[in-house]
Participant: 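This is the structure I want to talk about, given as structure tokens.
Chain naming here is simple, since letters A, B, ... match the order of the sequence lines and numbering starts at 1 in each.
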There are 2 protein chains.
Amino acid sequence: MTESPAQHEPPIYRRIADSLRSQILSGELRDGDRLPGENALMSEYGIARATARQALAVLINEGLAVPRRGSGVYVRLFRPIRRHGSRRLSREQWGQGRAIWDSDTRGRAYTVDEVHIERLASTEDVGRVLDSDEVWVRRRRYSVDGRPVQLAASHFPADLVEGTAITLPDTGPGGVYARLGDLGYSPVHFTEEVRARMPAPNESELLRLPAGNPILIVARTAYTSGGIPVELNEMTMDAAAYVLQYDFDA
Amino acid sequence: MTESPAQHEPPIYRRIADSLRSQILSGELRDGDRLPGENALMSEYGIARATARQALAVLINEGLAVPRRGSGVYVRLFRPIRRHGSRRLSREQWGQGRAIWDSDTRGRAYTVDEVHIERLASTEDVGRVLDSDEVWVRRRRYSVDGRPVQLAASHFPADLVEGTAITLPDTGPGGVYARLGDLGYSPVHFTEEVRARMPAPNESELLRLPAGNPILIVARTAYTSGGIPVELNEMTMDAAAYVLQYDFDA
DNA sequence: CGGGGCAAGTTCTCTGGAGACGCTAACTCC
DNA sequence: GGAGTTAGCGTCTCCAGAGAACTTGCCCCG
């Protein structure tokens with residue numbers, strides 16, 4: 001009946017993970033730095049390889065580190081993208097949000113990498129929401145400091161926007177919502193939906209994430225005041241990033 | 001120079017995980033069902049225990065399964081909480097969203113478990129946003145089918161709402177935003193921010209989640225049209241759940 | 001019939017070892 | 001000096017085994 005002196009002490013791998021995490025969050029290890037590898041942890045703590053891997057897996061799973069086969073495990077810390085103060089975008093400025101973000105994120109480069117626009121047959125989900133068999137799809141990829149962090153796919157009912165500037169890569173001043181206003185679909189009301197932690201779809205390749213990496217999906221539907229759906233926007237982002245989603249004035 | 005016949009075939013543990021996942025998503029295995037355990041996978045596929053564990057870890061990491069020590073690994077599938085059709089809430093109805101959700105989620109019980117209201121000194125973050133040293137905090141826990149899925153903490157500047165119905169557990173018809181309107185802070189404009197996949201804070205205990213379980217945080221600030229911040233709302237939810245976040249008419 | 005204790009079953013933690021695969025940098029050769 | 005090659009390093013996958021911790025159901029006893 002020897003009382004175990006260390007009751008419910010955290011397991012070894014967790015103590016190591018806690019130690020590494022505190023080094024990351026305290027700033028001792030910075031974004032991009034290389035963590036001690038499996039071999040280093042093995043010799044430092046006198047543990048087996050599997051235990052060292054388990055410790056690193058905790059941080060990788062939390063999104064604080066990224067393993068690179070053949071190279072090492074690296075710190076991956078997103079600083080929050082956050083607008084300071086109380087400046088907000090009017091709905092009309094929504095389409096220009098990028099420019100304002102650029103000037104307001106303290107020098108961090110938040111940019112659009114790629115734009116694709118095409119006309120497609122609706123998928124079942126999109127067709128049900130937009131009540132249309134064909135849609136124009138506008139895909140964009142956003143990057144922060146050169147790292148892709150977000151994909152956006154905007155779907156418009158094809159018959160509603162056919163032949164308008166929405167079907168062009170550059171929508172002009174005021175962006176998409178100004179063009180929708182030109183078509184008489186203004187003001188626009190939004191609904192929002194957050195789907196967290198989807199099993200990773202193929203799209204994650206575009207974010208340069210490994211298959212199976214958890215992602216976050218935010219869907220937004222825009223309606224006219226008459227209740228006609230005019231846009232279905234799906235934003236797919238790395239679930240480990242902190243992202244300022246939007247910020248507008250109604 | 002023997003050409004490997006199976007180039008880049010997925011590893012064993014991933015093939016097993018894919019098989020189990022498809023059984024879950026196809027409905028063959030349902031929420032609460034028990035998955036084949038480590039021993040079952042070992043004998044079925046002729047693999048080592050570590051490999052079987054790795055396969056199950058994939059599903060656990062994706063949030064599709066939950067291990068219960070001494071018992072087994074169980075399917076944990078949240079059906080989407082989704083309002084059908086195009087019915088939306090007006091801003092005035094926002095405070096009554098719960099009642100409307102209740103009647104509109106096809107019999108799923110989306111309920112408020114607990115409510116706590118107290119007056120506190122502001123934390124640094126809250127104080128900066130609300131520009132107030134003291135705040136009234138209103139905490140609520142939401143459950144779906146008896147499982148806690150979401151925490152909400154609404155912060156109000158103490159000097160603005162002192163003595164009003166907002167400081168009571170039941171805010172009455174129209175909810176918090178009707179009370180803010182009574183105080184002359186109407187209409188209200190929102191900003192939204194999504195912070196994904198935080199390292200789990202202590203709060204996760206209230207969601208009955210293990211420490212380190214990924215959670216999702218959505219923050220919303222409400223401003224008057226004059227730019228005065230009147231509410232900071234932080235929603236903490238299980239990152240594995242699919243949650244309809246909100247749905248309102250501007 | 002209720003309660004306590006036991007045993008089987010299951011996950012959790014950890015050890016030790018091995019080959020495969022990918023990245024990087026040093027080296028060699030032109 | 002530049003280009004191609006190679007060796008070392010580090011992660012990835014998988015094996016075999018063992019004790020600890022926990023849950024559950026069953027049996028026995030009162």
Participant: Nearest-Å distance, CG (A/L41) to C1' (C/dT15)?
Facilitator: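 Checked: the CG to C1' distance equals 16 Å.
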Participant: Looking across every strand, which nucleic acid part, if any, lies under 4.0 Å from A/I47 by heavy atom: base, sugar-phosphate, or nothing?
Facilitator: sugar-phosphate
Participant: Select one nucleotide: of C/dT15, C/dC23, D/dT24, the one nearest the side-chain heavy atoms of B/S71.
Facilitator: D/dT24
Participant: Let's see if you can work this out: which of D/dC14, C/dC12, D/dT11 has an atom nearest to the side-chain heavy atoms of B/R53?
Facilitator: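 In terms of side-chain proximity for B/R53, the closest of D/dC14, C/dC12, D/dT11 is C/dC12.
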Participant: Please pick, from D/dC15, D/dT13, D/dC12, the nucleotide with the shortest atom-to-atom distance to any side-chain atom of A/R69.
Facilitator: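 Closest nucleotide among those given: D/dC12.
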Participant: May I ask you to test the A/V135-A/F156 pair for a side-chain heavy-atom distance under 4.5 Å?
Facilitator: no
Participant: To the side chain of A/T51, which of C/dC12, C/dC14, C/dC23 is closest?
Facilitator: C/dC14
Participant: Calculate the interatomic distance between B/R34 atom CZ and C/dG9 atom C1'; express it in whole Å.
Facilitator: 9 Å
Participant: Return the value, rounded to whole Å, for the distance between atom CD of B/Q54 and atom P of D/dT11.
Facilitator: 16 Å
Participant: Can B/D33 and B/R30 be counted as an ion pair, charged N to O under 4.0 angstrom?
Facilitator: no
Participant: Between A/Y45 (OH) and C/dC14 (C1'), how many Å, whole number?
Facilitator: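 Spelled out: OH on A/Y45 to C1' on C/dC14 is 16 Å.
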Participant: Which one, C/dC23, C/dC14, C/dT11, comes nearest to the side chain of B/E38?
Facilitator: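 My answer, after comparing the listed nucleotides, is C/dT11.
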Participant: To the nearest Å, give me how far apart CG (B/L35) and C1' (C/dT11) are.
Facilitator: 13 Å
Participant: Round to a whole Å and report the spacing from CG of A/L56 to C1' of D/dG10.
Facilitator: 11 Å
Participant: Would you please confirm or rule out a distance under 4.0 Å between OP1 or OP2 of C/dC12 and any side-chain N or O of B/R68?
Facilitator: no
Participant: Let me spell it out: for each of A/G70 and A/A52, pick the nucleotide of DNA chain C with the closest heavy atom. Which residue's pick is nearer the 5' end?
Facilitator: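 Residue closer to the 5' terminus by nearest nucleotide: A/A52.
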Participant: Can you confirm whether B/L20 sits close enough to B/P36 that some side-chain heavy atom of one is under 4.5 Å from a side-chain heavy atom of the other?
Facilitator: yes
Participant: Can you measure from CG (B/L120) to NE2 (B/H155) and round to the nearest 0.5 angstrom?
Facilitator: 8.0 Å
Participant: Is B/D18 paired with B/R21 through a side-chain N to carboxylate O contact shorter than 4.0 Å?
Facilitator: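 Looking at B/D18 together with B/R21, the answer is yes, because their closest N to O distance falls below 4.0 Å.
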Participant: Select one nucleotide: of D/dT11, C/dC12, C/dC14, the one nearest the side-chain heavy atoms of B/R49.
Facilitator: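 The nucleotide sitting nearest to the side chain is C/dC12.
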Participant: Could you check which of C/dT15, D/dT11, C/dC14 has an atom nearest any side-chain atom of A/A48?
Facilitator: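 Nearest nucleotide to the side chain: C/dT15.
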Participant: Would you mind reading off the distance between B/M42 atom CE and C/dC12 atom C1', rounded to a whole angstrom?
Facilitator: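 It works out to 14 Å between those atoms.
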Participant: Which sits closer to the 5' end of DNA chain D, A/A50 or A/V73, going by the nucleotide each is nearest to?
Facilitator: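 Counting from the 5' end, the first nearest nucleotide belongs to A/V73.
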Participant: Tell me: OH of A/Y13 to C1' of C/dT11, nearest whole Å?
Facilitator: 12 Å
Participant: Among C/dT11, D/dC14, C/dC14, find the nucleotide with the atom closest to the side chain of B/N39.
Facilitator: C/dT11
